[in-house]
Amino acid sequence: MSERKVEETTEAQIAVHWQEEKYYYPSSKFIGQANVTDPAIYERFSLDNFPDCYTEFAEMLTWYKYWDEVLDTSDAPCFKWFKGGKLNASYNCIDRHLEKNKNKTAIHFVPELEEEKIEHITYQELYVRVNEFAALLRDFAGLKRGDRVTIHMPMTAELAITMLACARIGVIHSVVFGGFSASASADRIVDSNSRVLIAMDAYSRAGKQLNHKINTDDAVKIAKEGGQIVEKVLIWQRYPGKYSSETPMVEGRDYFVNEVLKDYYGSRVEPEQMLSEDPLFLMYTSGTTGKPKGCQHSTGGYLSYVTAMSKYIQDIHPEDVYWCMADIGWITGHSFIVYGPLALCASTVIYEGVPTYPDAGRSWRIAQELDVNIFHTAPTAIRALRKVGPDEPAKYNYHFKHMTTVGEPIEPEVWRWYESAVGKGEAIIVDTWWQTENGGFLCSTVPGIKPMKPGSAGPGVPGIHPVIYDDEGNEITKPGIAGNICIQNPWPGMFQTIWGDRDRFVDTYFARYCKNPESKDWRDWPYLAGDAAVRSEDGYYRILGRIDDVINVSGHRLGTKEIESAALVADEVAEAAVVPVAHEIKGKEPDLYVSLKPGFEASDDLAKKISDVVCDQIGKIAKPRKVWIVPDMPKTRSGKIMRRVLGAISNKGDVGNVMTLANPEIVEEIQEMERNSS
Ligand code: WTA
């Protein structure tokens, strides 16, 4: 194959060698039922109609009082949406559905152990449980409007109930991913000044019952060393009435929720009338370096945005059964398991466990059992499911109309498997690009309007106007040349600030391309996402990964993702990760790490074959220095490949603390390989 034509780039830009993928069109069946099919939506949400266009989103909610101003920019870049409006998130997700839909399932809770029964919680039952727990939080735990609470819980219905109960009384929740350590929980307790910690005793993960209570004791201890006293620890029991942990309860500090709750049976709590700009929750970014950043999300702007995204992009209708297989401990779970779907009166699935337990067919059995028709997951899960059971989906009788991918760029090869095997050629796919900081989607196709293109997120969603700058601050207008993607305008779902650190908020996300730091005009404050991206002729954006992951080979900057995608064209490869290695002439060279699908053996021939595939696909410029065939990739708990760790190994540097990884043992194995080869 000949080398593809590549646009000439300067070193402030990023060259892109990717081939254009062909379009996939939504079926007429999908379009026939879709929530949005009129392309005029893009016009309605053009910059000329900004910010008033966003009232369309706010009007999807029920307000106690309408807003006075759609967008207040007086404290730019801390923007206030729907200023002066009053609403309550728990009311919008529960109470307003009761009149017509109280008997409809709000939450399907699926335990990991298949012999345990699925719990179907109706909207009425959710109402009762949220009210009772809200009364407990207010009267027993002494929490009031504006207080912060840290929640460190596994994937259970009680986690959603806890969040909604906080929202009901105006308490700002900060959920810590259940798999995180006690010290991660403690850092967040200290940063948010939480006096109350809410946790659960145990949960099931890959068939093992894990003791979770032990983390609360350590977290409280570490938080105290950090200067924050936790006065009360509320422990939900995974099996009410039975304590599933060996870690003792601490007298006067720890309480079983289901015991205290008896005093609140039948309680009803009037929802607190929150200002639109009051914070609803904090979500700490799972950054690998530096102190975690508490992204502060608003009540009115956030809830309007996730509701609209759930309706327009997720295409949720009240009759749908919707399963987002993320964890509620991440932003995806907050926006697209809890708040968005419930605001639309959908039935949302909460699954406790891992998608491949006890076997590769588990996810598809759940889909079949609950007749799920909207499915939402991340490339890491898609690759894992493809690796262990490429033919499993065909064995089950489920039919998705709509699927989402989120969290990382998806390689076109993996996208095609998702489309044909998981979606059975019937489902449309949205590739939604966004971040913890954003509340909801930035780029994605509107599924009933735009065709899909494997590997590309699509254009900005209606209302989002991306722009690409080079390193020197010049706008890149030519298609095919990559740079730093920014959003020109604020939007209702964006975070308000970093909790307690406005300067860091401004420095990290706005300072680089800000046109005038004194300005109160939103046009002067483009939002820097920190990702590299390229726009093609049709206005679709392809995300190349974090700016920091870009590799500079002989003055050509290459996105890691395109080399990784090329590697996945080799049939044997399940996952790939590319990192830069210092080279005295070229500056940097790519090192390529791959793991194989089951049934394939590592060999020098195979490594050579994979290297050739990369050169064929992209060109000699991308030739890996070495192809490392490894048993698995080091990953964060959210499934993102830790390129930083691989980079340290390739460059014989310090891998740093790897104990927070999902699989720290793999790091030692790969280091051993590296030592043996040199
Ligand atoms: C990456 C997850 C390509 C990106 C919602 C972003 C993606 C970071 C996509 C945010 C996508 C997320 N295509 N890359 N569809 N979605 N990313 O905060 O690098 O966990 O900056 O939010 O994930 O990750 P976070």
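As the structure lists them, so they are numbered: ligands from 1, and atoms in each ligand from 1.
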At a 4.0 Å cut-off, with the gap strictly under it, does some heavy atom of [X] reach an atom of ligand 1?
X: Trp330; result: no
X: Asp431; result: yes
X: Lys561; result: no
X: Gly407; result: yes

Backbone or side-chain N or O of [X] under 3.5 Å from ligand 1 N or O:
X: Gly545; result: no
X: Thr332; result: no
X: Ile543; result: no

(message) Can a donor-acceptor pair be found, under 3.5 Å and without considering hydrogens, that links the side chain of His402 to the backbone of Tyr322?
(response) no
(request) Measure from the ring center of Tyr418 to the ring center of Phe400 and say whether it is less than 6.0 Å. (result)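 Centroid distance Tyr418-Phe400: not below 6.0 Å, so no.
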(request) With salt bridge (charged side-chain N to carboxylate O under 4.0 Å, His left out) as the test, would you mind laying out the steps for Glu419 and Arg416 before giving the verdict? (result) CA-CA 5 Å; Glu419 197 273 340; Arg416 283 188 278 271; over 6 Å; no
(request) Would you mind telling me if ligand 1 is within reach of the side chain of Thr436, the backbone, both or neither, using heavy atoms under 4.0 Å? (result) both
(request) Report the part of Arg546 (side chain from C-beta onward, or backbone N, CA, C, O) that has a heavy atom under 4.0 Å from ligand 1; answer both or neither where that applies. (result) side chain
(request) Any atoms of ligand 1 less than 4.0 Å from a non-hydrogen atom of Pro409? List them with their elements. (result) 3 (C), 13 (N), 14 (N)
(message) Which of the numbered atoms in ligand 1 are under 4.0 angstrom from any heavy atom belonging to Thr432?
(response)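 It comes down to these atoms of ligand 1: 9 (C), 11 (C), 15 (N), 16 (N).
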(message) A cation-pi test, strictly: NZ or CZ of Lys293 under 6.0 Å from the centre of the six-membered ring of Phe495 and no more than 45 degrees from its axis. Yes or no?
(response)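 No, Lys293 does not lie over the aromatic ring of Phe495.
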(message) Nearest non-hydrogen contact with atom 6 (C) of ligand 1 belongs to which option: Ile410, Asp531, Ile485, Ile331?
(response)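 It is Asp531 that holds the nearest heavy atom.
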(message) For Lys453, I'd like to know if atom NZ has over 12 heavy atoms of other residues, nucleotides or ligands within 6.0 Å.
(response) yes
(request) Determine whether the side chains of Ser650 and Tyr593 contain a donor N or O and an acceptor N or O closer than 3.5 Å. (result) yes
(request) Look at the rings of His297 and Tyr302 and say which category their plane angle falls in: under 30° parallel, 30 to 60° tilted, over 60° perpendicular. (result) tilted
(request) Specify the closest pair of heavy atoms between Ile428 and Val430, including all atoms of both residues, with the distance to one decimal. (result)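 Heavy atoms of Ile428 and Val430 come nearest at CD1-CG1, 4.0 Å.
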